[in-house]
Amino acid sequence: MNKKIDKEIKDDNVHPKFLKPYDPLATEDKIYKMWEDSGYFNPDKLPERHQKGEPFSIVLPPPNVTGTLHMGHAAMLAIEDIMIRYKRMKGYKTLWLPGTDHAAIATQSKVEKELEKKEKKHRKDLGREEFLKRVDAFAKESHDTIVNQIRKMGASIDWSREAFTLDEKRTFAVNTAFKKMYDMGLIYRGHRIVNWDPKGQTTISDDEIEYKEEKAKFYYFKYGPFTIGTARPETKFGDKYVVMHPSDKRYAEYKHGQKIDLEWINGPITATVIKDESIDMEFGTGVMTITPWHSTVDFEIAERHGLDKEQIIDFHGRLLPIAGEFAGLKIGDARSKVVEKLRVKGLIAKEEDYIHNIAIADRSSGMIEPQIMNQWFVAVNKQFKLEHSNISGINSGQETTLKEIMKKGVEGGAIKIIPERFEKTYFHWIENLHDWCISRQIWYGHRVPVWYKIKDKKSKIKDREEIFVGDERPEGEGWTQDEDTLDTWFSSGLWTFSTLGWPEETDDLKVFHPTSVLETGYDILFFWIARMILMTGCLLGEVPFRTVYLHGLVRDGKGRKMSKSLDNIIDPLDMIAKYGGDATRLSLIIGTGPGNDMKLSPDKVKGYKNFSNKIWNIARFVIASTDGIEIIKGFNDYTEIDAGYCAERDNMLIDITYDIENFRYYLAGEKLYHYIWHKFADVILESSKKIFEEGNSEEIMSRKQILLVSLNKILRALHPFMPYVTEEIWQELYKGKSLLMVEEWPV
RNA sequence: GCGCGCUUAGCUCAGUUGGUAGAGCAACGCUUUUACACAGCGAAGGUCGGGGGUUCGAAUCCCUCAGCGCGCACCA
């Protein structure tokens with residue numbers, strides 16, 4: 001009998017392509033093209049039942065145009081495609097909108113490195129215009145690679161709406177947002193302490209810093225009657241304030257504002273005593289001197305007491321003339337020399353080993369040097385009137401702050417974060433949030449939409465400049481645009497609505513915003529998610545999305561972040577070529593819950609390739625042993641004989657539907673896998689062989705029915721997870737009908 | 001310092017509201033005119049990190065300790 005089946009398949013030529021084993025390579029590209037040509041990725045082209053359905057929208061977290069996609073991106077695509085395909089089958093009007101991110105600093109530094117390596121040139125050798133041409137060319141190339149990779153993953157994404165953070169429409173949205181927020185008083189320019197990256201020659205935000213532990217010496221210097229502790233002797237030249245806690249009894253005899261003459265690095269100075277409660281009495285000697293120009297904490301103390309601030313280190317990390325004989329030295333070289341001089345002068349009390357964190361720019365790996373600079377900021381604590389609000393807890397026309405908007409969006413339940421524990425992390429981050437520095441001294445990105453005109457060269461600095469903020473250069477002579485560009489996250493913050501046409505009031509915006517789900521890695525919760533909530537709340541008075549689903553990071557065998565490891569990288573394209581897109585997808589879904597990291601090995605992907613083949617052979621068996629496909633029309637497989645199997649199957653389908661509704665894709669995937677292989681194939685198919693040999697006609701008929709109906713339902717349920725193989729079988733089974741286009745969710 | 005997570009078979013991890021421990025991979029034995037060897041059948045492998053508590057019953061809830069990892073803050 002079995003031998004006969006196999007023979008039939010081959011000999012009859014009924015299913016000429018339906019041979020063993022399943023070959024993903026020969027199948028997937030062809031199927032993707034068919035899907036794409038069908039137009040069904042575009043919500044406007046979906047059939048009637050979807051047009052009446054509820055909208056369901058996801059914007060793709062735009063990959064950086066810095067190169068290629070890694071396994072983390074592949075996981076993101078797999079999860080989002082499952083969401084979209086499931087909702088589409090359920091009859092929703094589904095939109096999944098793709099795009100890419102110009103990723104200002106990341107992309108620019110990549111091109112700079114290449115320029116340095118290949119042509120031994122700095123970007124300044126090319127000039128702004130020529131350099132930007134190079135970056136654009138690189139970005140274009142990356143873009144094309146990325147788009148190809150997204151297709152390979154089987155993403156049912158609407159290419160007709162593709163966006164780029166730096167394209168014309170998005171640039172207009174950025175400029176409009178900037179102007180609105182400037183007019184609302186939420187964007188301001190001012191001299192504030194910022195994170196300066198001397199290597200990248202730009203400011204960066206707090207979130208772009210990484211901290212690394214470093215062993216260092218901690219020195220105690222004699223500073224007049226005090227002993228002060230410091231890890232940075234080379235910044236101490238200008239220190240003329242000595243700070244202690246007001247209730248520190250050890251220093252009760254010294255009064256706030258008291259002047260003390262003392263001998264310091266380059267000779268005698270007059271120090272002023274400052275009492276400030278921020279001082280930790282337990283740390284060191286409980287006394288310190290401050291360097292307000294190069295330390296955030298010191299800057300804040302200086303602000304509180306109206307103290308002088310002086311720059312010690314220049315923007316290339318070298319000491320300024322205030323350092324006297326040390327002027328011009330790099331800070332790294334200066335330290336030991338300054339210590340040596342203090343030693344000679346007998347001003348060192350003691351030194352000890354200590355471990356501290358040094359701040360590193362995560363893109364350039366330059367050591368951050370705080371500097372006071374004139375930059376553009378977003379004010380997060382400033383009160384302003386939110387004209388229109390859909391955010392629970394904030395009424396239209398109410399006074400609020402951006403911080404409050406970020407808080408209320410999640411607190412009030414308008415946004416649900418999965419897994420929930422990240423809500424705590426999110427609130428904690430908001431508590432510590434400072435004004436956001438948005439200007440960058442790099443070339444690639446959105447140029448700050450501000451023009452300056454010098455009114456009167458002789459007048460005081462304050463009103464010397466006339467400022468114009470807007471999308472285009474103002475009328476008249478003498479205007480020059482700000483040289484700086486905007487933080488890349490400023491444009492990403494608009495992503496859910498800039499992609500839908502904002503600031504125009506488009507239909508897309510009305511139908512699809514707020515978006516349904518934002519699915520991304522937990523590592524950009526602050527960078528991106530928080531900023532989207534901020535920008536959307538401020539500009540639209542609503543939340544950008546209803547649910548945030550955070551996936552874990554994909555790590556290599558050694559537990560390193562796949563996006564950062566240099567060797568041992570698993571390339572999604574390699575996996576797809578070897579094991580197929582379906583297998584690659586499933587390996588990134590099963591075995592990992594939201595927010596948990598996963599270690600991925602090629603063996604796991606291989607395992608799911610075997611599963612694709614299993615499904616393929618299940619289908620071959622069912623087709624060959626049921627005399628064709630007509631039998632399926634209009635019958636119910638709940639016969640008395642096999643009702644138990646049917647109920648079990650349908651309960652499983654209800655179960656996984658519940659899992660999917662609750663974002664437990666890993667469970668749904670595993671349950672399907674388990675049912676298909678170990679129940680449907682191992683038990684039902686195996687027992688069918690016997691029934692077909694020995695059973696009576698009623699038993700045989702019942703069994704044929706259950707096989708066909710089960711296969712039909714299983715393929716539909718599995719389709720969001722493994723779209724290619726299920727589609728290929730479906731088309732064989734139902735002669736050219738498409739699973740993507742016509743089929744509904746099975747329960 | 002504040003917060004979060006993890007610890008279950010050799011490896012990677014599931015285990016949704018507490019009811020006698022599961023999967024994949026690897027390894028072992030048998031099976032090759034079988035829908036599928038990218039397979040089937042079978043066997044093996046775990047005091048669920050330690051300790052304590054709640055409960056008729058705990059991998060699951062509570063407390064505590066330890067190891068590992070992560071985030072934030074910050075160390076003058």
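Numbered from 1 within each chain, the chains take letters A, B, ... in sequence-line order. Here the structure is a predicted model, which means the values were calculated and not measured.
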At less than 4.0 Å, is any side-chain N or O atom of K424(A) found next to OP1 or OP2 of C4(B)? Yes or no. yes
With rounding to whole Å, what would you report as the distance between C6(B) and G49(B) at their P atoms? 12 Å
Out of curiosity, K713(A) NZ to L718(A) CG, how far, rounded to the nearest 0.5 Å? 15.5 Å
M281(A) CE: over 12 foreign heavy atoms closer than 6.0 Å: yes
Contacts of D487(A) meeting side-chain hydrogen bond (donor to acceptor under 3.5 Å, both in side chains) (sequence neighbours excluded), chain-then-number -> W436(A), R440(A)
Mind running a 4.0 Å heavy-atom check of residues 661-674 of chain A against RNA chain B and sending the residues that fall below it, in number order? R664(A), Y666(A), L667(A), E670(A), K671(A), Y673(A)
E352(A) atom CD: more than 12 heavy-atom contacts under 6.0 Å: yes
Please classify the nucleic acid contact of I279(A) as base, sugar-phosphate, or nothing, using heavy-atom distances under 4.0 Å. base
Quantified in whole Å, what is the P atom distance between nucleotide C48(B) and nucleotide A9(B)? 10 Å
Is H294(A) reaching over with its side chain to a backbone N or O of E369(A), donor-acceptor style, under 3.5 angstrom? no
Name the residue closer to the 5' end of RNA chain B, choosing between I209(A) and R232(A) according to the nucleotide with the nearest heavy atom. I209(A)
To the nearest angstrom, how far is I729(A) atom CD1 from C36(B) atom P? 15 Å
Base, sugar-phosphate or nothing for T289(A)? Non-hydrogen atoms, less than 4.0 Å. sugar-phosphate
R421(A) atom CZ is separated from C4(B) atom P, nearest whole Å, by 11 Å
Which word best sums up how the rings of W264(A) and F221(A) line up, parallel for under 30°, tilted for 30 to 60°, or perpendicular for over 60°? perpendicular
At under 4.0 Å between heavy atoms, what does S601(A) touch on the DNA or RNA strands: base, sugar-phosphate, or nothing? nothing
Which value, in whole Å, describes the distance between the P atoms of nucleotides A43(B) and G22(B)? 14 Å
Rounded to the nearest 0.5 Å, what separates atom CH2 in W293(A) from atom CD1 in I313(A)? 12.0 Å
Could you state the atom-to-atom distance from CD of E300(A) to P of A73(B) in whole Å? 12 Å
Are there runs of at least three consecutive Watson-Crick or G-U pairs touching RNA chain B, with each pair's two distances under 3.5 angstrom? Give them by first number. B:1-7 with B:66-72, B:10-13 with B:22-25, B:28-31 with B:39-42, B:49-53 with B:61-65
Output the single nucleotide from U16(B), C72(B), C74(B) whose closest atom is nearest the side chain of D659(A). U16(B)
Give the ring-plane orientation class for W429(A) versus F526(A), where under 30° counts as parallel, over 60° as perpendicular and anything between as tilted. parallel
When rounded to the nearest Å, what value does the distance between C1' atoms of U64(B) and C72(B) take? 26 Å
Checking H245(A) against E277(A) for the side chain to side chain donor-acceptor pair (under 3.5 Å) test, could you report, in this order, the C-alpha distance in whole Å, the side-chain angles of both residues, the deciding distance, and whether it holds? CA-CA 5 Å; H245(A) 198 280; E277(A) 295 194 342; 5.4 Å; no
Examine A14(B): is either OP1 or OP2 under 4.0 Å from a nitrogen or oxygen in the side chain of N596(A)? Give yes or no. yes
For K604(A) and A26(B), give me the distance from atom NZ to atom C1', rounded to whole Å. 15 Å
Close aromatic pair by centroid cut-off 6.0 Å: Y254(A) and F226(A): yes
Spacing of the P atoms in G5(B) and U47(B) (rounded, Å): 27 Å
In numerical order, the residues of residues 649-657 of chain A whose heavy atoms come under 4.0 Å of RNA chain B are none
Which residue pairs pass the salt bridge (Lys or Arg N to Asp or Glu O under 4.0 Å) test when at least one of the two sits in residues 602-619 of chain A, sequence neighbours left out? none
U60(B) to U17(B) separation - P atoms, rounded to the nearest Å: 13 Å
Gap between atom CD of E728(A) and atom CG of D23(A) - 0.5 Å precision: 9.5 Å
Would you measure the distance from the P atom in G53(B) across to the matching atom in U20(B) and give it in whole Å? 23 Å
For nucleotides 39-44 of chain B, which of its nitrogen or oxygen atoms have a protein nitrogen or oxygen under 3.5 Å away, and what is each distance?
from: A39(B); atom 1: OP1; to: N610(A); atom 2: ND2; distance (Å): 3.3
from: A39(B); atom 1: O3'; to: K614(A); atom 2: NZ; distance (Å): 3.1
from: G40(B); atom 1: OP1; to: K614(A); atom 2: NZ; distance (Å): 3.2
from: G40(B); atom 1: OP1; to: W677(A); atom 2: NE1; distance (Å): 2.2
from: G40(B); atom 1: OP1; to: D682(A); atom 2: OD1; distance (Å): 3.4

Could you give the CG-to-C1' distance, from L553(A) to G71(B), as a whole number of Å? 12 Å
Aromatic plane relationship, Y220(A) with F218(A) - under 30° parallel, 30 to 60° tilted, over 60° perpendicular: perpendicular
Separation of the C1' atoms in G10(B) and A44(B), to the nearest angstrom: 12 Å
Within this structure, what is the CD1-to-C1' distance between I676(A) and A23(B), rounded to whole angstrom? 15 Å
Expressed in angstrom and rounded to an integer, what is the separation of Y522(A) atom OH from C6(B) atom P? 12 Å
Return the value, rounded to whole Å, for the distance between atom OH of Y608(A) and atom P of A23(B). 13 Å
d(S336(A) OG, E234(A) CD) to nearest 0.5 Å is 9.5 Å
Can you check whether Y579(A) and Y608(A) have ring centres sitting under 6.0 Å from each other? no
If you count every heavy atom of other residues, nucleotides or ligands that lies below 6.0 Å from K416(A) atom NZ, does the total exceed 12? no
Describe the nucleic acid contact of L685(A) in one word from base, sugar-phosphate, nothing, applying a heavy-atom distance below 4.0 Å. base
